[in-house]
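Since the structure comes first, as structure tokens, the remarks are kept for the end.
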Amino acid sequence: MTDHSSASPGPTADGMPMLGLGTWKNTDPEQCAESVRTAVEMGYRHVDTAQHYHNEAAVGEGLASADVDRDDVFLATKVWTDSLAAEDVRETTQESLERLGVDYLDLLYVHWPADTYDPEETLAAFDDLYADGVIDRVGVSNFTPAHLDTARELLDAPIFANQVEMHPLFQQRALRDVAAEIGIQLVAYSPLSHGQVFDVPELTAVAEKHDVSEAQVSLAWLREKGVTAIPKATGGAHLRDNLDSLALSLDAADVERIDGIDREERFIHPDYAPASW
Ligand code: NAP
């Protein structure tokens, strides 16, 4: 694994900054480029996109216009489920690089193990990209423990991370144990549950105690669990609020209170996933 990055405000997990910028639904090119530029200049050092978000070119534009070296930003994208045949993985990754305006990726994920996902074929292509130095790390997303077992058997490269939905309303207790046992990072998507974290009494109580937002509490709780979070934010105020979560330390009572939330409410329902998942 090559680690190009030298600057990383906030803690890192095995070289990956534990706070990143999500970009799903940030499809207006100007707004997307501007939010990426603002975020990176504000201090974000991890940006998450995907072929399926149709914004890689805007993300690349935002990165290029920021006054920060590309090597100092941890950049991740994902191969969509219609492109997981070996040749398509290679071709579409090349297209992603061109859209993003970079010559390597810090992390490339299999977006969902669905549709054209064929463990042997797909993962062999990821191994090739890793061996060729096109990608620094292999990631998977929306993988169950069974998917992880199969992938680990087939891949030569280590699996670096599994990106899954996680926040205080969907705590991924079992998957966290699996990730710790097999030594892979968890990256939490929808870490603010798309805004639902603002409506959880336990989070509001902790937020009021520290005079911060519920978003910051949610992000600090994920970090306390050793999980990287990639909240999507568009404007400066949300970007700043989320970045400021790095200064929030929760105490044991706060963590216990949040751990006790037992709601199992996921924002991305499995129904949303490609049909064969
Ligand atoms: P999220 O980050 O939980 O929530 C985003 C929403 O919260 C946006 O409407 C945003 O508004 C708002 N927001 C952000 N910061 C805020 C703050 N401090 N105060 C109030 N509101 C705030 O949801 P997400 O976009 O689903 O997840 C984050 C990222 O994870 C995605 O963007 C994507 O990169 C990734 N993801 C991956 C998968 C996968 O299958 N691998 C699935 C879903 C998401 P504004 O935009 O107006 O700032």
Side-chain angles (χ1 to χ4, degrees), residues 16-28 31-32 34-36 38-39 42 44 46-56 58-59 62 74-81 84 96 100 107-115 117 139-144 147 160-170 172 175 185-200 203-204 207 212-222 227-248 265-274 277:
M16 171 176 62
M18 291 185 72
L19 182 70
L21 175 69
T23 62
W24 183 36
K25 297 189 177 168
N26 204 344
T27 44
D28 177 80
Q31 188 180 49
C32 181
E34 178 61 13
S35 57
V36 170
T38 306
M42 199 180 270
Y44 286 77
H46 174 171
V47 177
D48 181 87
T49 181
Q51 294 172 352
H52 195 55
Y53 301 167
H54 304 293
N55 63 8
E56 288 176 319
V59 168
F74 185 99
L75 180 60
T77 192
K78 314 181 191 80
V79 181
W80 187 235
T81 60
L84 291 168
S96 288
L100 287 161
L107 176 59
L108 181 70
Y109 295 98
V110 174
H111 203 144
W112 286 90
D115 296 346
Y117 177 64
V140 296
S141 180
N142 299 299
F143 271 41
T144 63
H147 291 124
F160 178 76
N162 188 14
Q163 184 179 124
V164 294
E165 177 167 353
M166 180 174 166
H167 43 72
L169 299 179
F170 195 67
Q172 294 282 17
L175 196 57
Q185 299 296 330
L186 281 188
V187 176
Y189 73 65
S190 306
L192 310 179
S193 189
H194 251 253
Q196 289 177 65
V197 295
F198 293 94
D199 218 9
V200 180
L203 297 180
T204 301
V212 297
S213 69
E214 288 87 346
Q216 290 193 32
V217 171
S218 186
L219 298 173
W221 174 82
L222 285 161
V227 172
T228 293
I230 48 167
K232 178 250 185 182
T234 311
H238 287 170
L239 288 168
R240 168 57 60 194
D241 191 41
N242 297 342
L243 189 65
D244 284 352
S245 69
L246 293 173
L248 173 62
E265 291 167 27
R266 61 194 304 175
F267 172 74
I268 307 280
H269 286 270
D271 293 351
Y272 169 83
W277 189 68

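Both counts, for ligands and for their atoms, begin at 1 and track the order of listing.
The distance from ligand 1 to the heavy atoms of Pro231 drops below 4.0 Å at these ligand atoms: 2 (O). Heavy-atom contacts of Gln163 reach the following atoms of ligand 1: 35 (C), 36 (N), 37 (C), 38 (C), 39 (C), 41 (N) (cutoff under 4.0 Å). Heavy-atom proximity to Asp48, at under 4.0 Å, picks out these atoms of ligand 1: 33 (C), 34 (O), 35 (C). Here is the list of ligand 1 atoms found below 4.0 Å of a heavy atom in Trp24: 26 (O), 31 (C), 32 (O), 33 (C), 34 (O), 43 (C), 44 (C). Interface of His111 with ligand 1, defined as ligand atoms under 4.0 Å from a residue heavy atom, comprises 39 (C), 40 (O), 41 (N). When each atom of ligand 1 is checked for a heavy atom of Tyr53 under 4.0 Å away, the hits are 33 (C), 34 (O), 35 (C), 36 (N), 37 (C), 38 (C). Contact atoms of ligand 1 toward Ile230: 28 (C), 29 (C), 30 (O), 35 (C) (distance under 4.0 Å to a heavy atom of the residue). Every atom of ligand 1 is numbered from 1 in the order shown, and the set under 4.0 Å from a heavy atom of Asp241 is 17 (C), 18 (N).
Residue Ser193 places a heavy atom under 4.0 Å from ligand 1. Residue contact annotation: Tyr109 has no non-hydrogen atom under 4.0 Å from ligand 1. Contact annotation: Lys25 has no heavy atom less than 4.0 Å from any atom of ligand 1.
The shortest heavy-atom contact between Leu222 and Pro191 is CD1-CB, 3.5 Å. For Leu100 against Thr49, the heavy-atom pair with the smallest separation is CD2-CG2, 4.1 Å.
Among the atoms of Leu192, some N or O lies under 3.5 angstrom from an N or O of ligand 1. Ligand 1 has no nitrogen or oxygen under 3.5 angstrom from a nitrogen or oxygen of Lys78.
Contacts between Asn26 and ligand 1, counted as non-hydrogen atom pairs separated by less than 4.0 Å, are absent for every part of the residue. Neither the backbone nor the side chain of Gln216 has any atom closer than 4.0 Å to an atom of ligand 1 (non-hydrogen atoms only). When heavy-atom distances to ligand 1 are checked against a 4.0 Å cut-off, Ser141 comes that close only through its side chain, counted from C-beta outward.
In this structure, CZ on Arg266 lies 7.0 Å from CD on Gln172, to the nearest 0.5 angstrom. Remark: Lys232 NZ to Cys32 SG distance equals 9.0 Å, nearest 0.5 Å.
Between the side chains of Ser96 and Gln51, a donor-acceptor pair is found at a separation under 3.5 Å. For the residue pair Thr228/Gln185, the side-chain donor-acceptor check at 3.5 Å is not satisfied.
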What do the steps show when you test Tyr44 against Asn242 for side chain to side chain donor-acceptor pair (under 3.5 Å), and what is the final call? CA-CA 10 Å; Tyr44 286 77; Asn242 297 342; 4.5 Å; no
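Ring pair Phe143/Tyr117: centre-to-centre distance below 6.0 Å.
Summarising the contacts of atom 20 (C) of ligand 1 with Tyr189, Phe198, Trp112, the nearest heavy atom is found in Phe198. For atom 15 (N) of ligand 1, the nearest non-hydrogen atom from the set Asn162, Asp244, Asn242, Val164 belongs to Asn242. Of the candidates Gly236, Ser190, Ser213, Ser190 brings a heavy atom nearest to atom 1 (P) of ligand 1.
With salt bridges taken as basic N to acidic carboxylate O contacts below 4.0 Å, one links Asp48 and Lys78.
Remark: Asp199 CG is loosely packed, at most 12 non-hydrogen atoms of other residues, nucleotides or ligands lying under 6.0 Å away.
Relative orientation of the His52 and Trp80 rings is parallel, given thresholds of 30° and 60° on the angle between their planes. Ring planes of Phe267 and His194: parallel class, angle under 30° (limits at 30 and 60°).
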